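Following: one structure in structure tokens, then a few remarks.
We use all heavy atoms of the structure for the numbers below, so side chains are in, but hydrogens, waters and symmetry mates are not. A quick note: this is a predicted structure, and the numbers were derived from the prediction, not measured.
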Amino acid sequence: MRITHNSAVGPRVRFAPSPTGYLHVGGARTALFNWLYARRHRGTFVLRIEDTDVQRSSADMVTGILEGLRWLGLDWDEGPEVGGPRGPYFQSGRLDRYRAAAARLVAEGHAYYCYCSPERLRDEREKAEARGEAWQYDRACLNLAPERIAELEAVAAPRAIRFKVPSTHTAFEDIVHGRIAFDPRSIEDFVVLRSDNHPTYHLSVVVDDVEMGITHVIRGDDHISNTPKHLLLFEALGVTPPTFAHVPLILGADKKRLSKRHGATSVTEYRRQGYLPAAMVNFLALLGWSPGDDRELLSVAELVDSFSLEGISGGNAVFNVEKLEWMNGQYIARLPAGELAGAVEPFLADAGLPVPRDRGWFHRLLDLLRPRAKRLTDFAELARPFLVDTVEYEPHAVEKHLDAPDVGAHVAALAAALRTTDPFDEPHVEATVRGTAAERGVKAGVLIHATRVAVTGRTTSPGLFEVLVLLGRERSVARLERLVNFLATRRAGRVS
RNA sequence: GUCCCCAUCGUCCAGAGGCCGAGGACGCGGCCCUUUCAAGGCCGAAACCCGGGUUCGAAUCCCGGUGGGGACGCCA
């Protein structure tokens, strides 16, 4: 049997979410950095599901996370649904390995059994807290007498396994932060295997990173303080630790860790709000990282090409939704019409609007609307007048533009003129509108605004001539005539 | 409280001792374009946290302070 040594080919990185929640934008960015690093260096991107917390993990969450990653275009080389030579990729399927590792640590004197009750530990912590101090495990079980152990075992007392933290000085070179050192005395003898025989995060993450041949650990800043524990574990297991790169956290506008109260935090939510995956990726990439120059709009290929861990900033970053919106608008403006159509369709459907069967016409409509859209959801409202049979007149539009004298007559005249405008294209339609206004002695604006209300029901829309042409002669004329009727009956109503 | 990380415009970044009288982007203000709304173009306001060093010279290096964040679980 041949062992594949991918590390010789390129770096192996991993994204290891725990399915206790949806895919958070912070997690997505961590995944993105890992992915970019793997792609940049022709390495391997591994996806591993950390579901050792059986209580809080769920299969639905796994599905959601996978969907989120796929939507962003972050494909994994090894992991759920694609498999790979270093599986299983769910920690729940690797329990025996963690138990074996824990047993080995005990056998080799790096860990010991701990029979302390959770209640006692909790009490000690509370007491210490009351004194304003932090409590560290007191090693009560480190040197239990053999007889005592025999007693405890005889009654099958629950036992956990704790790592015996050596006094070795733990320091490491972090790619984004430089050298980070911890005083080993500040690290307690942490549990590696719970009394229910399940590993803690520290054990599973290290065992997996070893067995999966991970060369670079790119993860959130919040793991810095866990790193010395991991380092110690790697050492006890006799393995050279991977290289670490701790990326800063994403904060909300109040500089607190981004959470639900700041608004949307899940990738799925942004997707629903009408953001394009490419914009999301671009934006996330620039949160805490920069290519080193002033480029803002970078394609995935460009990101891959310029990504480097050294370019990651050390400070936390505030999630700036306004910039995301702007960026999304930029991507909407540039997306090929065909792709934009596909992206917009579900949002039209959600709004109860029909998707035009004439693709060419649909594309022209989209081209008219796109400079006005920041999110895909905007298209529903923007497109409504073009997709419904009868437009509704917005009250303020009626007030603002239909009260001028003789508006009805002007509009009627335009309707008549438009019947014979040939060809019915922008230059000719514009000439007709302006000509009609001139003939009737009103400023073009008056007629234009009234006409806009007639065909869209609103005070704002894309350029009126483009709108008329896109709607076509029949619909345009019909809408103008309908407005004439509307004004007539409205006046009648007022008189009586 | 202890340990760790961080510190340039409101926000995201550029800046790795002289090129910085600090550059880009979002947002904001103004002007232009214009039938409205956008988009676009141009212009503008806006920052090196404070105090000590080191150096001929510091946004850049060192120390301290302050501020912000994170971690202190048989959660991950």
Side-chain angles (χ1 to χ4, degrees), chain A residues 16-21 50-53 55-57 91 114 116-118 121-122 125 128-129 131-136 158-162 174 176-177 180-183 185-188 190-196 198-202 204-205 220-228 246 248-249 251 253 255-257 283 286-297 311 313-327 329 333 369-374 382 397 400-401 430 433-434 437 443-449 451-453 456 458-465:
Chain A
S18 80
T20 54
E50 308 216 326
D51 57 350
T52 50
D53 187 341
Q55 306 297 325
R56 299 196 293 155
S57 299
Q91 292 191 328
C114 172
C116 294
S117 72
L121 301 174
R122 195 197 55 219
R125 281 205 180 81
E129 176 138 14
R131 291 193 304 267
E133 293 167 11
W135 188 74
Q136 276 194 7
R159 62 177 196 191
I161 294 179
R162 279 185 189 273
D174 187 279
V176 346
H177 296 287
I180 299 179
F182 283 87
D183 183 339
R185 283 172 302 185
S186 70
I187 307 164
E188 71 172 354
F190 54 96
V191 171
V192 292
L193 196 72
R194 299 190 263 252
S195 51
D196 66 359
H198 279 258
T200 60
Y201 165 71
H202 304 302
S204 56
V205 81
D221 239 352
D222 48 342
H223 285 295
I224 288 184
S225 52
N226 288 327
T227 307
H246 287 98
L249 303 176
L251 274 26
K255 305 255 189 172
K256 300 286 183 203
R257 198 171 170 159
F283 175 71
L286 257 26
L287 254 195
W289 173 81
S290 105
D293 50 46
D294 285 337
R295 286 178 294 166
E296 298 281 344
L297 262 17
S313 323
N316 293 337
V318 173
F319 192 90
N320 182 195
V321 200
E322 288 77 37
K323 185 158 181 176
L324 207 212
E325 277 218 325
W326 164 78
M327 201 169 266
L369 304 181
R370 65 163 99 214
R372 294 163 177 81
K374 289 204 174 303
L382 256 17
K400 194 170 178 187
H401 296 304
E430 174 162 7
V433 173
R434 292 191 190 283
K443 287 205 277 187
V446 172
L447 184 56
I448 286 172
H449 289 135
T451 302
R452 171 171 293 113
V453 177
T456 69
R458 304 172 179 175
T459 57
T460 66
S461 79
L464 184 71
F465 313 124

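No side-chain donor-acceptor contact under 3.5 Å links A:S195 and A:R159. Neither side chain, A:D222 nor A:H246, offers a donor N or O lying under 3.5 Å from an acceptor on the other.
At whole-Å resolution of the value, CG in A:N320 and C1' in B:rC12 are 6 Å apart. Atom P of nucleotide B:rG27 and atom NZ of A:K374 are separated by 6 Å, given to the nearest angstrom. One can place CG of A:N316 at 11 Å from P of B:rA71, the figure rounded to the nearest angstrom. Atom NE2 of A:H246 and atom C1' of B:rA71 are 11 Å apart (whole Å). For the pair A:D294 CG and B:rU8 P, the interatomic distance rounds to 17 Å; values are reported in whole Å. When rounded to the nearest whole Å, the span between CG of A:L369 and P of B:rC37 equals 17 Å.
Across all strands, A:S461 comes closer than 4.0 Å to base atoms (heavy-atom distances). Backbone-only engagement by A:D222 is indicated by non-hydrogen atom pairs under 4.0 Å involving sugar-phosphate atoms exclusively. Nucleic acid contact for A:D174: none, since no nucleic acid atom lies under 4.0 Å from a heavy atom of the residue. A:E50 comes within 4.0 angstrom of the backbone, heavy atoms only, and of no base. A:F319 comes within 4.0 angstrom of nothing in the nucleic acid, heavy atoms only. Note on A:L464: a base of the nucleic acid sits closer than 4.0 angstrom, heavy atoms only. Residue contacts for A:G445: at a heavy-atom cut-off of 4.0 Å it reaches no nucleic acid atom on any strand shown. Within 4.0 Å (heavy atoms only), A:H401 reaches no atom of the nucleic acid at all. Heavy atoms of A:G220 sit nowhere under 4.0 angstrom from any nucleic acid atom. Residue-level contact check: A:T200 touches the backbone only, with heavy atoms under 4.0 Å from sugar-phosphate atoms and none from bases. At the heavy-atom level, A:A444 lies nowhere under 4.0 Å from the strands shown. Note on A:T451: nothing from the nucleic acid sits closer than 4.0 angstrom, heavy atoms only. A:L121 comes within contact range of at least one nucleobase, with a heavy-atom separation under 4.0 Å. Using a 4.0 Å heavy-atom criterion, one finds that A:A333 contacts no nucleic acid atom at all.
The C1' atoms of B:rC12 and B:rC75 are separated by 32 Å, rounded to the nearest whole Å. For the C1' atoms, the distance from B:rU55 to B:rC61 is 10 Å, rounded to whole Å. Nucleotides B:rC19 and B:rA58 place their C1' atoms 15 Å apart, quoted to the nearest Å. Taking the C1' atoms as reference points, B:rG51 lies 22 Å from B:rC5, given to the whole Å. Using P as the reference atom, B:rC37 and B:rA14 are 38 Å apart when rounded to the nearest Å. The C1' atoms of B:rA45 and B:rG27 are separated by 13 Å, rounded to the nearest whole Å. For the P atoms, the distance linking B:rC72 with B:rG52 amounts to 38 Å, nearest Å.
A sub-4.0 Å separation between OP1 or OP2 of B:rG27 and a side-chain N or O of A:K323 is absent. Of the side-chain N and O atoms in A:R434, one or more sit less than 4.0 angstrom from OP1 or OP2 of B:rU35. The side chain of A:H177 places no N or O atom within less than 4.0 Å of a non-bridging phosphate oxygen (OP1 or OP2) of B:rC4. Contact annotation: A:R257 side-chain N/O to B:rG69 OP1/OP2 distance is not under 4.0 Å. Taking 4.0 angstrom as the limit, A:T52 places a side-chain polar atom (N or O) nearer than this to OP1 or OP2 of B:rA76. The phosphate of B:rA76 has OP1 or OP2 within less than 4.0 Å of a side-chain N or O from A:R194. Residue A:R125 places at least one side-chain N or O under 4.0 Å from the OP1 or OP2 atom of B:rC74. Dashed line: the shortest gap from a side-chain N or O of A:S290 to OP1 or OP2 of B:rA14 is under 4.0 Å.
In this structure a side-chain-to-backbone donor-acceptor pair under 3.5 Å is present from A:Q136 to A:S186. A:R194 contributes a side-chain N or O that, together with a main-chain N or O of A:P199, makes up a donor-acceptor pair within less than 3.5 Å.
Not a single donor-acceptor pair, N or O on each side, falls under 3.5 Å between the base of B:rC13 and the side chain of A:S313.
A:K374 NZ to A:L324 CG: the interatomic distance, rounded to the nearest 0.5 Å, is 11.5 Å.
The side chain of A:L249 sits closest to B:rG69 out of B:rG69, B:rA76, B:rC5.
Taking the six-membered ring for Trp and the full ring otherwise, A:Y201 and A:F190 have centroids separated by 6.0 Å or more.
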